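Owing to the predicted nature of the structure, the values given are computational and were not obtained by experimental measurement. Residue numbers start from 1 in every chain, and the chains themselves are labelled A, B, ... in the order their sequence lines are given, proteins ahead of strands.
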Amino acid sequence: MCFSILQVPRCRIHTLANFCWGSSHSLNRTCDKIFRFRLLGSKANCLEGGYSKRWIKRPASTKTGGSSRTNQESKSTTIGHEILDETVSTRSTLSINKTEVSEFHRIPYCDIQQMIAQNKDITKFLTFIVFDIETTGFSRENERIIEIAFQDLQGGENSTFQTLVNPGRHVANSHIHNITTHMVCRSDVPRMEELIPILLQYVKSRQKPGGYVIFVAHNARTFDVPFLVNEFSRCHFEIPPNWLFVDTLPLARELLKLEGLKLTSGTSLDALCKRYNIQFVGKAHRAMADVTALSLVLQRLTFDLKLPLSGLIAKHFTPSDLTSVKKKK
DNA sequence: GGCCCTCTTTAGGGCCTT
């Protein structure tokens, strides 16, 4: 499956078409040996309240400990939890070194704006990940994330990542996503502080050396990203500086405006799926189903807006942009 | 909470996210 190709004659314009769903990237290649969880085979049981497709119940273990580089004393604890993923067909191992996590902030990254200006092959430095979260409510201050899904648009092995998250509290809005307290408030479902190192390592396994990761979500600016930033902060982690975010909601608004339609015509993910005749795989308002749908909506939106890759990247924002907006007020 | 629109800007309501 490929993104639509937008081409301008005699101009070299990079588009999402460059990110095809087929290349392979093994988690095994980039891992160390301190934190560890396992993604098991794909033929497993369906999850309670999950998808109609082959959702996988994956027992996993996480080893936490000190740095192998500094030879500090290592304390290992095993945390059983379930990682839900639909695409991994072979047994693979992802290990995480906590020192390595802290070094995310020391990697020198390329100047993306300069590369666009110089028309360099920016696709060599970019990873596009569509993501979605399910939460216990709307308030980033008071509510918690209970499910996260990532999909690397490059495709290939391990291109999707999905997990439930233990919020340590009652889930009052199960009627929205069908995720119940019983499903997440369990010792074998990871808490956010346990999950973040795994997420960081997963994303690192997908990114290119010295490159940026573009995270795309619907209403990312006012919901998903502030939630993510808040959870990282609460768990004493920082969003890596090479993580950039793009919100598809303004793209949808821009398109309706271009077509002379009122915004009340619908800019929700549901409305966009109906517009493009995209069917949800599984139930809407489950993270992976929404991610899959948004991945398809994204290619249609960029096609309709005639938006080249550089134009999409130009719409990015960072967590510090959100902070500066807050400070101004 | 941010963005957009309008019966507007010294405001208010609706949409979008769960």
Side-chain angles (χ1 to χ4, degrees), chain A residues 49-51 129-151 162-185 189 192 215-234 245-276 278 280 282-295 297-298 301 305 314-329:
Chain A
Y51 298 79
I129 293 180
V130 175
F131 79 104
D132 187 49
I133 59 173
E134 302 302 321
T135 69
T136 55
F138 289 123
S139 169
R140 73 188 76 158
E141 307 293 339
N142 304 318
E143 307 295 350
R144 292 282 184 268
I145 293 174
I146 51 173
E147 190 178 39
I148 293 181
F150 287 169
Q151 181 169 28
Q162 181 200 19
T163 182
L164 293 173
V165 185
N166 185 343
R169 65 172 59 185
H170 176 66
V171 179
N173 59 346
S174 299
H175 60 287
I176 299 293
H177 36 54
N178 292 319
I179 299 172
T180 63
T181 306
H182 173 70
M183 288 167 66
V184 291
C185 290
V189 173
M192 204 64 202
F215 287 88
V216 182
H218 201 60
N219 204 16
R221 182 177 282 274
T222 55
F223 186 75
D224 299 77
V225 176
F227 243 107
L228 210 56
V229 169
N230 215 50
E231 290 281 41
F232 267 63
S233 174
R234 187 176 61 81
F245 298 91
V246 169
D247 190 347
T248 49
L249 180 58
L251 300 182
R253 286 174 176 156
E254 192 179 332
L255 181 62
L256 292 188
K257 201 174 175 182
L258 272 177
E259 294 177 340
L261 298 172
K262 290 186 176 178
L263 295 184
T264 49
S265 304
T267 52
S268 67
L269 184 58
D270 279 341
L272 293 169
C273 285
K274 282 176 186 165
R275 171 193 171 102
Y276 292 126
I278 293 168
F280 278 94
K283 291 181 180 176
H285 295 299
R286 283 299 297 266
M288 201 65 223
D290 286 0
V291 162
T292 306
L294 184 59
S295 299
V297 165
L298 176 64
L301 273 178
L305 287 167
K315 295 181 182 297
H316 83 268
F317 63 93
T318 63
S320 60
D321 293 331
L322 303 180
T323 310
S324 56
V325 167
K326 209 172 181 179
K327 281 180 180 174
K328 282 178 187 175
K329 292 197 167 180

Once you apply a heavy-atom cut-off of 4.0 Å, does A:I133 come out as touching a base, just sugar-phosphate, or nothing? sugar-phosphate

When the distance from NE2 of A:H218 to C1' of B:dC3 is rounded to whole Å, what number comes out? 12 Å

Counting only distance, no hydrogens or angles, is the base of B:dG2 paired donor-acceptor with the side chain of A:T222 under 3.5 Å? no

Any side-chain donor-acceptor pair under 3.5 Å between A:S233 and A:N230? no

Knowing that exactly one of A:T267, A:T248, A:D224, A:D290 qualifies, which makes a side-chain hydrogen bond (donor to acceptor under 3.5 Å, both in side chains) with A:H218? A:T248

Give the rounded distance in Å between these two atoms: CE of A:M288 and C1' of B:dT18. 18 Å

Where the side chain of A:T135 is concerned, which of B:dT18, B:dC16, B:dT17 is the nearest nucleotide? B:dT18

Separation of B:dC16 atom C1' from A:R140 atom CZ, nearest Å, is 13 Å

Suppose you measure atom C1' in B:dC4 against the same atom in B:dT9; what distance do you get, rounded to whole Å? 13 Å

Whole Å only: how far is the CG atom of A:D247 from the C1' atom of B:dG2? 10 Å

What contact category does A:D224 fall into here, base, sugar-phosphate, or nothing, at under 4.0 angstrom with non-hydrogen atoms? nothing

The side chain of A:R253 is closest to which nucleotide in this list: B:dT18, B:dG2, B:dC16? B:dG2

Is any side-chain nitrogen or oxygen of A:T267 closer than 4.0 Å to OP1 or OP2 of B:dC15? no

For a salt bridge (Lys or Arg N to Asp or Glu O under 4.0 Å) check, start with the C-alpha distance between A:R286 and A:E134, then their side-chain angles and the critical distance, and finish with the verdict. CA-CA 7 Å; A:R286 283 299 297 266; A:E134 302 302 321; over 6 Å; no

Is there a donor-acceptor contact under 3.5 Å linking the side chains of A:S295 and A:Q151? yes

Reading DNA chain B from 5' onward, which residue's closest nucleotide shows up sooner: A:N173 or A:P250? A:P250

A:F223 side-chain proximity, nearest of B:dG1, B:dC5, B:dT18: B:dT18

Residue-phosphate contact under 4.0 Å: A:H285 side-chain N/O, B:dT18 OP1/OP2: yes

Rounded to whole angstroms, how far apart are CD on A:E254 and C1' on B:dC3? 13 Å

